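Some notes on the structure that comes next.
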Amino acid sequence: MDTIEVSNLNRQFLFRQSHVGQSKAKVARDAVLRFRPHISITPYHANAKDSNFNVDFFKQFNVVLNGLDNLDARRHVNRLCLAAEVPLVESGTTGFLGQVTVQVKGKTECYECQPKPAPKTYPVCTITSTPSKFVHCIVWAKELLFAKLFGDKNQVNDLNVRSNDAFSSSENTNDVFEWRDDEDFEHYGRRIYDHVFGYNIELALSDEETWKKRNKPRPIYVRDVLPDQMTQQNGNVDITDDLSSASAMASLGLKNPQDIWCLMENTRVFLEALKLFFTNRKKEIGNLSFDKDDQLAVEFVTAAANIRAASFNIPSHSLFEAKGIAGNIVHAVATTNAIVAGLIVIEAIKVLKKDNDCYREKLMRMTYCLEHPSKKMLLMPVEPFEPNKSCFVCSSQTPLSLEINTHRSKLRDFVEKIVKAKLGMNSPLIMCGSALLYEVGDDLEEDMIANYTANLEKVLSELPSPVIGGKMLTVEDLQQEFTCNIYIKHREEFDEEKEPDGMVLSGWTQALPEKKDDKTSIGNGASTSKSLPTEPMDAQKDIEVKEISDGTASPGKKRKLPEFSEGCTLDQSNEADETRNDKKIQKLDDDDDDDDLVMLDHWGKDTSKKQRLQ
């Protein structure tokens, strides 16, 4: 359901400037028909997870070529492909790196056969009180400050503190972020600036215990950076209906987004961007959320993050760098996309030939596009793995295990944090034994909806059919035709920093390495003379932040080469030695967050909802 943005134009050959704002699917169809007018293409400007794109919809195809941009949607489509028994060609690119994989039910491993690294999470206290990296400052500026000033006013936010100590005053109460009708923009901007960069830092410093082993931050007030006359002359604001033209940089004469601004420039951009929001875009205030393609939003977040970084002695970054961090952007390369598109077609042709010898003779390939040559190759073909027998998705015999405090956690916590966030289900049905605890659907009667809604607010042990340690839950998504069993283990306490969800899902383990023959394997099992050992690396409440952490797998491990996706970050070493042990690939796997691959086994095809409820 995506539309074309200016930033899309440099990475492909179908869209032009005149297409900005239009449907990607529809414009792509029109572009292709111009040079292949006799073929039939039906575009859908819709969400791939809509209920009408069900298993029956997917059954009409001979092959599916995936180009989605987030993990959740890829999981969903792959599960439907498995349920429909339709081969899937998956792909992703990021910068100079790319991948194409073929996934066939029962013959190749599914996307979830190999566990994905959990997103790196930071407790709110790290973001609000003790940042040590620039990414912490970006998250603070984007998720807290921007949301507080321009987003939903009813949203709970940790920025607005109330204190009865010596710093407390009429300007530091919980209405500090509200703009008063009789207040001019200069005074409002200074008040916000002084509160978040000055008063809040002073308040944090009052907790001496926190700073015994940390470097103390320094409070920053406008008066310390800008003389009075400079705030009064900070830019020239012309009220306009053209929101795209509202730019603090343009107003202040700053032209190069790759320049790193000094504290004074960041302060001026912060105040100017705030003023522009309240003059040119006042109608949007209260409904805004950060968008990496919103120039004014990026300017505000960059300036705010840099000012906070200065306070905590963290190096500043340019707007270009800050935008990449805030939007999880890896800038796309059109040639990589073209290479990967060609590889997709090659694998699709093999599938469309419907030749089983293609699999028996191991002609299907997972192919990786590398940034630096390995064995003088930039394209690395490998044989696909067979399904992992211990995968909870492919193997219905493998239950998961969930450690959870059944006396404190509500059914809603289980649904949101496990069923939706971890298992990727959209329309879940949850049973404990023969008791139906929760269900989603358009055909439910009002009394059933009320009953399930009430269940969501009950702790697990107090449900009509109590969920306690030792019980087995069955969770099913009827749209995806996917079912799994979860064994419940009661646990009293959790580490808030290491286990912020207050529950731990486990039981999804990798297959053991297979015995090797004379030939060693490259990555995911290609027969060559050398192997390319790899290791996935740690890839956003608590606030989740994606981050790279180093590591390599031992040569004896049979592991997949990294999965590259548009929108995530991945780094490969420059080493190209012929020695196996010297090969290293560094990887950031996406959550969130962006391009990923999925595949699911066919679940309970003959078991209808009606039968289950009986």
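Here the structure is a predicted model, which means the values were calculated and not measured.
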Can you find a pair of side-chain heavy atoms, one from [X] and one from [Y], that are under 4.5 Å apart?
| X | Y | result |
| --- | --- | --- |
| Leu456 | Val415 | yes |
| Tyr221 | Tyr193 | no |
| Lys458 | Leu411 | no |
| Asp501 | Ile418 | no |
| Pro217 | Asn313 | no |
| Gln17 | Leu9 | yes |
| Glu462 | His407 | no |
| Thr302 | Glu321 | no |

Do side-chain atoms of [X] reach the backbone of [Y] as a donor and acceptor pair under 3.5 angstrom?
| X | Y | answer |
| --- | --- | --- |
| Glu446 | Ile449 | no |
| Glu265 | Cys262 | yes |
| Asp477 | Asn426 | yes |
| Asn337 | Gln12 | no |
| Ser91 | Asn66 | yes |
| Asn215 | Phe312 | no |
| Gln479 | Asp50 | yes |
| Trp261 | Ser316 | no |
| Asp413 | Lys410 | yes |
| Arg491 | Glu493 | yes |

[atom2] on [Y] to [atom1] on [X], rounded to 0.5 Å:
| X | Y | atom1 | atom2 | value |
| --- | --- | --- | --- | --- |
| Lys142 | Ile127 | NZ | CD1 | 10.5 Å |
| Ser318 | Ile260 | OG | CD1 | 6.0 Å |
| Asn306 | Ile138 | CG | CD1 | 7.5 Å |
| Thr3 | Lys26 | OG1 | NZ | 11.5 Å |
| Leu274 | Glu186 | CG | CD | 10.5 Å |
| Met249 | Leu319 | CE | CG | 6.0 Å |

>> Between Glu272 and Ser251, is there a side-chain donor-acceptor contact under 3.5 Å, judged purely by atom types and distance?
In response: yes
>> Within the 3.5 Å criterion, strictly below it, is a donor on Glu299 or Ser247 matched to an acceptor on the partner's side chain?
In response: yes
Identify the two heavy atoms, one from [X] and one from [Y], that lie closest to each other, and give their separation to 0.1 Å.
| X | Y | answer |
| --- | --- | --- |
| Phe290 | Phe146 | N-CE2, 3.6 Å |
| Lys420 | Met425 | CG-O, 3.5 Å |
| Lys49 | Ala73 | CD-CA, 4.3 Å |
| Cys137 | Ile314 | SG-CD1, 3.9 Å |
| Gly502 | Ser409 | O-OG, 4.4 Å |
| Glu492 | Asn405 | O-ND2, 2.9 Å |

> Is the centre of the Phe53 ring less than 6.0 Å from the centre of the His76 ring?
Replying inline: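 No: the rings miss the under 6.0 Å criterion.
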> Is the distance between the ring centroids of Tyr438 and Phe414 under 6.0 Å?
Replying inline: no
Other residues, nucleotides and ligands only: do more than 12 of their heavy atoms fall within 6.0 Å of [atom1] on [X]?
| X | atom1 | answer |
| --- | --- | --- |
| Asn52 | CG | yes |
| Glu208 | CD | no |
| Phe96 | CZ | no |
| Asn10 | CG | yes |

> Partners of Asp259 by side chain to side chain donor-acceptor pair (under 3.5 Å), sequence neighbours excluded?
Replying inline: Asn256
> What do the steps show when you test Met503 against Lys417 for side-chain contact (heavy atoms from CB on, under 4.5 Å), and what is the final call?
Replying inline: CA-CA 9 Å; Met503 54 191 77; Lys417 296 178 180 179; 4.1 Å; yes
>> The test is side-chain contact (heavy atoms from CB on, under 4.5 Å); show your working for Ile192 and Leu149 and say whether it passes.
In response: CA-CA 9 Å; Ile192 296 299; Leu149 287 168; 4.1 Å; yes
> Does the side-chain contact (heavy atoms from CB on, under 4.5 Å) test come out yes or no for Val27 and Leu14, once each step is laid out?
Replying inline: CA-CA 8 Å; Val27 172; Leu14 301 178; 5.8 Å; no
>> Between Arg281 and Glu284, does any side-chain N to carboxylate O distance fall below 4.0 Å?
In response: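 Between Glu284 and Arg281 there is a salt bridge, with a charged N closer than 4.0 Å to a carboxylate O.
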> What do the steps show when you test Phe185 against Phe277 for side-chain contact (heavy atoms from CB on, under 4.5 Å), and what is the final call?
Replying inline: CA-CA 11 Å; Phe185 293 118; Phe277 270 116; over 6 Å; no
>> In terms of relative ring orientation, are His317 and Phe134 parallel, tilted or perpendicular, with 30° and 60° separating the classes?
In response: parallel
> Once the angle between the rings of Phe270 and Phe197 is folded into 0 to 90°, is it parallel (under 30°), tilted (30 to 60°) or perpendicular (over 60°)?
Replying inline: perpendicular
